[in-house]
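I have placed the structure first, in the form of structure tokens, so that the comments after it can refer back to it.
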Amino acid sequence: MSILKVKNLFKSYGKIEVLKNFSLDIDSTEFVSLLGPSGCGKTTVLKIISGFISPDKGTVFIEDIDVSNTPPEKRNTAMCFQSYALFPHLTVEDNIKFGLYEKKIPKNKSKDLFEEAIEHLSLSQELGKYPNELSGGQQQRVALGRALVTRPKIILFDEPLSNLDAILRGTVRNEIKRIQSEFKLTAIYVTHDQSEALSISDRVLLMKEGEINQIDTPEKIYDNPISYFSASFVGISNIHHFKNPKKLENNFIEVDTNVGKLKLFYKNNLTDKNIYVSWRPEKAEVGEQRENTLFGRIKSIAFQGAFTELEVAIKNIKIKIITQKRGFKINEEIKFGIKPENLLVLEQS
Amino acid sequence: MIAKSLHRILFISMIIIGVIWIVVPFIMAILWSLVDPAEPWTVDLVTPPVMSFYRWTYMWESSNLKDALFNSYLLAPTVSIITLIFSIPTAYVFGRYNFVGKEIAKLLCLLPLVTPYFVLSVFLTATIISFGLSEYRVAAIVLAHAVMFLPYAIRIMTVGFEQVSQEHIDAARDLSATTFSRWRVAYFPALRPAFFASILIVFIQSIEEFAVAFILGSPTFVTIPTLLFSTMGQDFVRPNAAVLSLILVVPNVVLMLFLEKLLRTANPAMISGKGLK
């Protein structure tokens with residue numbers, strides 16, 4: 001069941017159009033990430049949903065009620081801020097109880113809600129401390145506790161891990177996912193970190209210049225990017241401009257690229273927008289003789305333990321290959337193949 | 001090496017200047033206030049030949065010192081609070097909103113500070129007299145002081161409002177906070193240092209102000225500076241002036257140290273929430 005509907009949002013700051021006809025439906029208990037580069041409008045979407053920014057046009061429905069003109073204090077949403085925004089002169093306990101008190105939740109109920117939140121977030125030892133006495137991870141947990149203790153319909157995360165170090169980021173990310181799942185929360189999570197979005201979300205919404213570029217499950221976003229932008233922003237891709245497409249039998253087509261002729265499987269009809277072909281570096285099969293066999297010279301080798309990253313030059317075009325094979329040498333010529341079904345046709349945008 | 005020597009020279013110079021400008025006048029004032037009238041302090045003596053509290057007792061019993069103390073310490077805190085209240089709307093707009101011409105407006109607010117003090121005082125008192133407000137002596141002086149010292153309060157409070165974290169305000173709103181709660185958790189903690197600084201500056205300015213208090217207050221309303229200036233007038237008695245100077249300065253120094261301590265306790269980590277363990 002859809003809990004949030006965002007319809008045809010437009011937002012501009014002066015001459016800069018931040019959102020262009022942005023629409024979104026989110027189901028109850030779903031975890032959706034808004035992923036995109038800085039300035040693509042993802043935080044604006046979050047602030048419009050929470051009510052801190054009014055759209056120029058468009059509507060926001062929460063549980064089928066139009067809340068477009070409802071101020072943030074009257075919306076049933078809760079935000080986890082990038083800087084946590086904990087009240088520094090209040091203890092952890094007072095920070096978490098703040099929303100319960102302001103929303104005038106009856107004492108008995110608020111006691112139960114508070115205790116449940118504390119238990120799930122393992123904060124019982126920190127209740128008397130002030131925010132500046134806590135580590136970054138603990139502050140994040142307090143912020144999460146403060147947001148979820150009142151049981152909002154939707155919880156909004158604005159780049160909540162960006163102030164944490166790499167190790168803590170992984171731990172807190174898993175904790176956010178666990179808490180979201182335990183409390184059956186609907187979550188919208190803004191990030192520019194693709195690994196965060198892919199690992200935590202039920203669906204990823206990829207944004208570019210105020211528009212949705214692609215929205216899908218993390219696996220599909222990675223395996224089937226539809227555009228040059230999604231293929232290059234999520235993960236690593238080798239992308240080649242193609243021309244002279246020739247239809248072959250059984251939905252195969254052959255195209256000319258800067259690394260040679262490539263044969264690929266494509267069921268749909270090609271349009272004017274379909275001008276790129278891409279493949280993930282791990283799809284290359286080094287040493288294999290297939291339809292799309294390419295030869296290149298190794299320019300760099302980066303051993304990563306479980307796999308090796310190679311940079312290979314084909315006619316001065318550099319491509320990336322990830323393989324589990326070892327024993328490569330710089331300037332060694334290698335042969336590799338890519339299965340036609342692993343070559344993807346992309347749109348221009 | 002050169003930087004180290006320069007640092008040392010500057011440090012020693014600072015100590016020497018500090019001693020000449022602060023310590024010597026202070027010691028001289030203390031010594032002069034203790035000169036016994038029976039044995040005058042002549043130029044051939046390093047310290048007064050006889051020291052007593054006669055001048056202190058005399059000033060306390062036979063001058064308007066009691067009234068002056070009461071008036072000054074009624075006036076200064078009242079002016080501090082009223083100026084702070086007057087400054088808040090303008091400082092809020094300067095600190096929280098962006099608008100065309102904001103920097104010019106901020107500069108215009110500070111303009112009275114570069115106007116010569118006596119010109120400003122005479123202009124203000126003339127305005128107050130022309131409005132017929134001079135008969136309310138205390139209220140008229142409070143109003144004039146509040147207007148005179150408003151630029152200091154506006155400037156300090158503007159910086160205070162700029163320090164309020166928008167995320168704290170948003171977090172409070174997001175948790176359904178009322179307007180009062182929003183101010184309690186987001187604004188007041190961040191504004192605390194600015195409150196103290198504004199009160200301190202205006203308090204000192206008001207307690208030391210002479211011209212307005214003299215023109216509007218004379219002859220019935222006496223403050224410590226007006227008493228001091230009258231002591232320095234026709235019947236100039238240096239030891240009496242020294243007693244008044246110390247009475248004027250010492251509480252200010254104590255207050256300044258007290259507020260400085262309060263400002264230190266309002267540390268950035270407590271205001272912003274940053275400063276992780």
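It should be emphasised that the depicted structure is a prediction, and the values quoted were computed from it without experimental measurement. Residue numbers start from 1 in every chain, and the chains themselves are labelled A, B, ... in the order their sequence lines are given, proteins ahead of strands.
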- Stepwise side chain to side chain contact (heavy atoms under 4.5 Å, CB included) test for A/Y84 and B/E167: CA-CA 8 Å; A/Y84 321 130; B/E167 288 207 335; over 6 Å; no
- Whatever's closer than 4.5 Å to a heavy atom in chain B on A/R75 counts as neither
- Counting only heavy atoms not in B/Y117, do more than 12 sit closer than 6.0 Å to its OH atom? yes
- Task: Could you tell me whether A/K177 atom NZ has more than 12 heavy atoms of other residues or ligands within 6.0 Å of it?
- Result: yes
- Task: State the OH-OG1 distance between A/Y101 and B/T178, to the nearest 0.5 angstrom.
- Result: 8.0 Å
- Message: If I compare all heavy atoms of A/T77 with all of B/D174, which pair ends up nearest, and what's the gap?
- Response: O-OD1, 3.7 Å
- Query: More than 12 heavy atoms of other residues, nucleotides or ligands under 6.0 Å from CZ of B/F11: is that the case?
  - Reply: no
- Give a yes or no on whether the backbone of A/E73 and the side-chain of B/S176 come within a donor-acceptor separation of less than 3.5 Å. yes
- Query: Is there side-chain contact between B/R173 and A/F52, with heavy atoms separated by less than 4.5 Å?
  - Reply: yes
- Heavy-atom closest pair (A/F98 atom, B/S181 atom, distance to 0.1 Å) is CZ-CB, 4.2 Å
- Item | Part of residues 103-112 of chain B lying next to chain A, heavy-atom separation under 4.5 Å | none
- More than 12 heavy atoms from other groups under 6.0 Å of NZ on A/K47: no
- Item | Under 4.5 Å from a heavy atom of chain A, the part of B/R184 involved | both
- Message: Other residues, nucleotides and ligands only: do more than 12 of their heavy atoms fall within 6.0 Å of CG on A/N108?
- Response: no
- Item | Atom OH of A/Y13 with >12 non-hydrogen neighbours under 6.0 angstrom | yes
- Name the option with the most non-hydrogen atom pairs under 4.5 Å to chain B; the candidates are A/S50, A/G99, A/A85. A/A85
- Item | A/K109 atom NZ, neighbour heavy-atom count above 12 within 6.0 Å | no
- Is a side-chain N or O of B/H168 found less than 3.5 angstrom from the main chain of A/F87, in a donor-acceptor match? no
- Is the number of heavy atoms from other residues, nucleotides or ligands within 6.0 Å of CG (B/L257) greater than 12? yes
- Message: Once rounded to the nearest 0.5 Å, what's the spacing between atom CG of B/L175 and atom CD1 of A/I96?
- Response: 11.0 Å
